[in-house]
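Worksheet for the structure shown next.
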Number of protein chains: 2
Amino acid sequence: MTDEASFLAGYDPRDYPAVAVTVDVVALTIRDGKLCVLLVERGEQPFAGRRALPGGFVREETLDEAARRELAEETGLLPGAKDLERVHLEQLRTYGNPGRDPRMRVVSVAYLAFAPHLPEPTAGSDAARAYWVPVEAAGDLAFDHDQILAEGLDRARDKLEYTPLATAFVDPEFTISELRAVYTAVWGEELHAGNFHRKVLSVPGFVESTGETATRGGERGGPKPKLYRAGDATLLHPALLRPTREDRIR
Amino acid sequence: MTDEASFLAGYDPRDYPAVAVTVDVVALTIRDGKLCVLLVERGEQPFAGRRALPGGFVREETLDEAARRELAEETGLLPGAKDLERVHLEQLRTYGNPGRDPRMRVVSVAYLAFAPHLPEPTAGSDAARAYWVPVEAAGDLAFDHDQILAEGLDRARDKLEYTPLATAFVDPEFTISELRAVYTAVWGEELHAGNFHRKVLSVPGFVESTGETATRGGERGGPKPKLYRAGDATLLHPALLRPTREDRIR
DNA sequence: GAAATAGTGTCTGTAAGACACTATTCC
DNA sequence: GGAATAGTGTCTTACAGACACTATTTC
């Protein structure tokens, strides 16, 4: 019993306690100036009728592919659609406490998705029960999804500081004000417009000018702003730190 | 078929492709001024004889517990030992590409462990083939463990900047020089002793003085340094940034 | 015209890094 | 004594945040 075949035989999955692997997606976008998360209303037990993060079982695919597929199914976007390709996806954390799903042992790999304004998902059949909910109104989710959402929000807030993630929430061409609106929506804090403007332009590779100007000013007045697109930086240096809160340190 | 029992029945694990869930641990420590990782020599197929990260199947336990148990088994430390409790453990990332294990679909939750100098693991039977290896000599591992190790090292280097993680690598009472030695070992860069000293003391909650002084100076001379212990900060503010390297930004 | 916004100028306090220097200890 | 280290002082430069101000645009 030393050849490889015997070891392969020795690892019959039925020898081990059954574990299911799922992906759950914390998909964030900004609608009407508010940070929103994509939720689905569960039609099945357990937690039937409760809201939950979109997710499902992993198939013969990578974990990343599973997350993007689930997101496509729940938003009603076609796999391969331009909108979907622009969605930034990254792994958040894996949740696997025994008992987190009453049916069986389920280990869930949570993903974080950042999207510019996607259409309201009403088209596809799978997506019929999915909708965007402002994060402050997104409590009381099924399973341990409250915790997953909370950690996803923390991660998103952190990453705005030291990565150009905010550009994933806006159109390919954007104004500095639109970018600032992302920060205020995600952080829930007002930022000084003038200082923010200078700061963004001073960070190498954060944004680059398109040379163009918007066709009109703001709805309530103001000059036509210049347009920018995302630069080639993957890290912001120096970082764009949010106002320090003592309680984040201890 | 609308009651919960029928749904539970509907989720018989044998309806789904078999997936195994494991934990793998990137355990880091500093020995002789070098950053080292705990590796095991595999005795079984696949990859028999190759070095790999310690790990194993998840049982009826949380993922965190599984990681700590695996670490205990491979280091030969007793579960519950003081040394083991002082090890800082955190989840790194989950790896689940199809084909990463030739036997079957294996999804591995990788953990990062930071330990002060643990004994060389020669005692227990499981630990007989485990040893600490300087990270620069730790290439060519089994499975996708090279990638896991690389991402673990990246994470460790990042976390030294903005968390008091370095204190997890030293004894409960330590000198500023010992702390600096952690930074130089993990970052692989020399740091200016004077500026480092002042910086560490200026960050609120990073270290606190014990009031004591070491019983003797350095091996090659120098005054008796003061002793410190870890403070109550969970984030360093302002952060202790490593010398900026352009290539980390793009 | 009134109100709002884009973008810039300036000042202040804090922090990082370079360099210098003293005092102390080990060999 | 010689060499290494602990710890502090000082100077320069960079940056964050506060505040002010002008120019431009919408209603």
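Just so we're clear, the structure is a prediction, and the values are computed from it rather than from any experiment. Throughout, protein chains are lettered first and strands after them, A, B, ... in sequence-line order, and every chain is numbered starting at 1.
- Judged by distance alone, the side chains of D24(A) and S108(A) do bring a donor and an acceptor atom under 3.5 Å apart.
- Between R31(B) and C36(B) there is a side-chain heavy-atom pair separated by less than 4.5 Å.
- Of all the residues in residues 199-207 of chain B, K199(B) reach under 4.0 Å from DNA chain C with at least one non-hydrogen atom.
- Pairs of residues two or more places apart, or lying in two chains, that qualify as ring pair (Phe, Tyr, Trp, His ring centres under 6.0 Å) and include a residue from residues 192-246 of chain B are Y183(B)-F196(B).
- Listed here is the closest heavy atom pair of L71(B) and T75(B): O-OG1, 2.7 Å.
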Indicate for each nucleotide in nucleotides 17-27 of chain C, in 5' to 3' sequence, whether protein heavy atoms under 4.0 Å reach the base (B), only the sugar-phosphate (S), or nothing (-).
BBB----BBSS
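- Residue E190(A) contributes atom CD, which lies 16 Å from atom C1' of dG17(D) at whole-angstrom precision.
- Not counting sequence neighbours, the partners of D232(A) by the side-chain hydrogen bond (donor to acceptor under 3.5 Å, both in side chains) test are R250(B).
- Near DNA chain C, meaning a heavy atom under 4.0 Å away, there are no residues from residues 156-167 of chain B.
- Identified under the salt bridge (charged side-chain N to carboxylate O under 4.0 Å, His left out) test for residues 183-193 of chain A, with sequence neighbours left out: none.
- Within the nucleic acid shown, A214(B) has no heavy atom closer than 4.0 Å to any nucleic acid atom.
- Between the C1' atom of dT5(C) and the CG atom of L227(A) lies a distance of 15 Å, rounded to the nearest Å.
- Among residues two or more places apart in sequence or in another chain, the side-chain contact (heavy atoms from CB on, under 4.5 Å) test is passed with T210(B) by E173(B), E212(B), L227(B), R229(B).
- Evaluation of the side-chain contact (heavy atoms from CB on, under 4.5 Å) rule for R68(B) yields L84(B), V87(B), L89(B) as partners, not counting sequence neighbours.
- For residues 169-187 of chain B, proximity to DNA chain D is found at S177(B), R180(B), defined as any non-hydrogen atom under 4.0 angstrom from a strand atom.
- Take Y162(A) and apply the ring-ring contact (aromatic ring centres under 6.0 Å, His included) test, not counting sequence neighbours, and it matches no residue.
- Residue H197(B) places no side-chain N or O under 4.0 Å from the OP1 or OP2 atom of dA6(D).
- Ion pairing between a basic and an acidic side chain is recognised when a charged N comes within 4.0 Å of a carboxylate O; E74(A) and R129(A) show no such pairing.
- In this view, H88(A) and F114(A) satisfy the ring-ring contact (aromatic ring centres under 6.0 Å, His included) rule, not counting sequence neighbours.
- Side chains of Y131(B) and E41(B): a donor on one and an acceptor on the other come within 3.5 Å.
- A search for salt bridge (charged side-chain N to carboxylate O under 4.0 Å, His left out) contacts involving D158(B) returns R242(B), not counting sequence neighbours.
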